[in-house]
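Along the sequence shown, residues are numbered consecutively beginning with 1. FYI, side chains are in, hydrogens and waters are out, and symmetry mates aren't considered; it's all heavy atoms of this structure. Bear in mind that the values here come from a model prediction, so they are computed numbers and not experimental data.
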Amino acid sequence: MTTPWTPRTQNSPTPDLTETAARLEISPFLASLLWQRGFTSAEDMALYLAPNLRHLMRPVEWPGLAEAAAFLASELLAGRTFLVWGDYDVDGITATALVKEFLAAHGFSARHHIPSRLVDGYGLTPVAMERLHADGVELLLTVDCGISDVAAVERARELGMTVVISDHHLPGDVLPPAHAVCNPRITDSDCRSLAGVGVAFMLMAALNSALVEAGRQRVDMRPLLDLVALGTLADVVELSPQNRILAKNGMLTLASGARPGIAALKNVCNQTPSAALTSSQVVYMLAPRINAAGRLGKSELALELLLTRDRAEAARLAGELDELNAARREEEKRILEEAMLQAQAQAEAGRMGLVVHAPHWHPGIIGIVASRIVDALHRPTVVLCDDRLHIKGSGRSVAGFDLHAALTACSDLFLAFGGHRQAAGVTLAPGKLQEFARRFDERALEALGTTPAPPQVSVDCELPFNLAADFTLLKELELLQPFGPGNPEPVFSSPPVEIKAVHTRPGGLTLMEFTDQGSGITLRAKSWNGQKAVNAAMKGSFVRLAYTPRIDRYNGAATVDLKLRDWMPDTGASDNG
């Protein structure tokens, strides 16, 4: 309740957009909302609302992509034994599935390898390259990994293997000596924020054209877009224009339920196979069940689910992933309780950068635990556990703190590390733990000061309940999907509303009812585990809400549901009479 609210934009007053709205066949309200978000012409608004695939960057516009595809095509047509090396998270698994399915459509046999998080860890190693060579692999393509694995690629080259790197992670000072490297982070292009599966899609699109030039039939790549949307949204990358095109069209493919594995996964999430999911449902329903397989060392189950065409087999695999996810949640709860005690003690001692450790914590779950601690304490956090002879960890950050840069400043302590501004992983020797904790805290204090700032709530504009209950307007707001970094879900402030009812339910659910005094309309909001919920003792008092109205289609009955982001007392309550 103490979180400050700020306008999402500081644009000048919105002009009269009546003609623009009529031209686009949208409401003036939606046109105004888009204008405030920086879309100041009808053309920009139209492209945002309908990001068609024809607006994707062409492979020739990505330096080196067409050349890498031509190289892959020649090697595949020469009959080289091919293997795609992926990763154990949703991004890596969907990228691996995409490559295998695409090559199978072209008639090529594609082997694969997804490392075990518990046994192999992330990325390529020289020893693994020796194993692949012994197994007869001649052509290796990485997806969602490889950009930092210089020694492994050097060893593969020494053994005579052909290597193509496809990745989206930040590169180090030295690039691996692969035959081709496809990474938007090393080129100046509009694709810099692609997820690993997005890079793989673009590379396969370029390969598609190269194979057509060699006399093959073109493969329709649109059915692969559900994998792209799933991996892109799960990896929480910025929804830049290129990512929005891929994710938006992928969500349409995902909604069709044509892929048996996706349909079965929806079913275990109590959704119909043809349900049009929101981006948050993809992130919080589908993605955790796929991630659970990787976190618990069973990534192959998730890959099988995405590739199978047998609906009975898909139902069995989805059920198994659902059970793994339930086990993951129980383990997460146990670790979080222990880790939070350490984190709170460090926060009370004045630490801004938190480093917590226990030898027995599960390495596949500590990343989620780090996110939970950051949400609760608003401090960058690294959670560590023992991994054979080393200490392994995952970190998560807060706004204003570049986690990757902070770890780079401590890199002399690590055996390995990598990641992004907001999320990263590290491996260090046991004797370096205390030194790392001290230096990480110093970096956090230097960047953030001594007082943690709670996340701000950005508000688009005020929205009274008579508009929040308008199904036509709510359907228009759905055109802004999918939401994520770079395209946040709209948040509105309410006029003064009266708290009419507060009910608690088993499982941590709180149901609240608010009445807008201006329109007399009462709407219901939900809160889980007390987050942002009002107190039952406040019944009858007046508050203002920061909220998002949505259409709830549960059980086929469409109702209006408010996603409560925050609330504050109405300072003019005495005048509301």
message: Which residue in the set L254, I245, L53 passes side chain to side chain contact (heavy atoms under 4.5 Å, CB included) when paired with L225?
response: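 That would be L53; it is the only one of L254, I245, L53 passing the side chain to side chain contact (heavy atoms under 4.5 Å, CB included) with L225.
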- prompt: Would one find more than 12 heavy atoms of other residues, nucleotides or ligands at under 6.0 Å from atom CD of E478?
  reply: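 More than 12 heavy atoms, drawn from other residues, nucleotides or ligands, come within 6.0 Å of this atom.
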Residue R58 excluded, over 12 heavy atoms near CZ under 6.0 Å: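 Atom CZ in R58 is not packed in, count stays at 12 or less.
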query: Would you call the rings of F440 and F401 parallel, tilted or perpendicular, where under 30° means parallel and over 60° means perpendicular?
result: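 Plane angle over 60°, so perpendicular.
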- request: With sequence neighbours excluded, tell me which residues meet side-chain hydrogen bond (donor to acceptor under 3.5 Å, both in side chains) with E238.
  value: none
task: List in chain and number order the residues that pass side-chain hydrogen bond (donor to acceptor under 3.5 Å, both in side chains) with S280, two or more places apart in sequence or in another chain; answer none if no residue qualifies.
output: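 Partners of S280 under the side-chain hydrogen bond (donor to acceptor under 3.5 Å, both in side chains) test: T278.
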Residues that [X] engages under salt bridge (charged side-chain N to carboxylate O under 4.0 Å, His left out), provided they are two or more places apart:
| X | result |
| --- | --- |
| E338 | R334 |
| R565 | E489 |
| K333 | none |
| R421 | D402 |

Minimal non-hydrogen separation, V153 against A178, with atom names: CG1-N, 3.7 Å
message: Show the nearest heavy-atom pair for residues C191 and P184, with the distance to one decimal.
response: O-CB, 3.0 Å
message: Taking N183's backbone N and O only, do any of them form a donor-acceptor pair with R185's side chain (distance below 3.5 Å, no angle check)?
response: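 Pair absent, no side-chain N/O of R185 close to backbone of N183.
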Listed partners of [X] passing side-chain contact (heavy atoms from CB on, under 4.5 Å), at least two apart:
| X | answer |
| --- | --- |
| A263 | P273, R311 |
| A110 | F82, K100, L103 |
| H390 | L415, T427 |
| A156 | M129, M161, V163 |

task: May I ask you to check whether F102 and F108 place their ring centers less than 6.0 Å from one another?
output: no
query: Does the side chain of D387 come within less than 4.5 Å of I391's, by heavy atoms?
result: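 A side-chain contact under 4.5 Å is absent here.
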- prompt: Mind checking whether V382 and S394 have side chains closer than 4.5 Å, heavy atoms only?
  reply: no
task: Quick one: which residue pairs count as a side chain to side chain donor-acceptor pair (under 3.5 Å) with a foot in residues 255-269, not counting sequence neighbours?
output: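 Output for this query lists E101-R259, D226-R259.
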field: Step-by-step side-chain hydrogen bond (donor to acceptor under 3.5 Å, both in side chains) determination, T81 to E138
entry: CA-CA 5 Å; T81 303; E138 299 171 299; 3.3 Å; yes
Say whether [X] and [Y], considering side chains only, have a donor N or O and an acceptor N or O under 3.5 Å apart.
| X | Y | answer |
| --- | --- | --- |
| Y88 | N291 | no |
| D386 | H357 | yes |
| T162 | E75 | yes |

message: Does this structure show an ion pair linking K563 with D552, if we count only N-O contacts that are shorter than 4.0 Å?
response: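 No, no charged N to carboxylate O under 4.0 Å.
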message: Strictly by salt bridge (charged side-chain N to carboxylate O under 4.0 Å, His left out), give each pair with a member in residues 318-329 just once, sequence neighbours left out.
response: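 Of all non-adjacent pairs touching residues 318-329, those that pass salt bridge (charged side-chain N to carboxylate O under 4.0 Å, His left out) are R289-D322, R316-E320, R328-E332.
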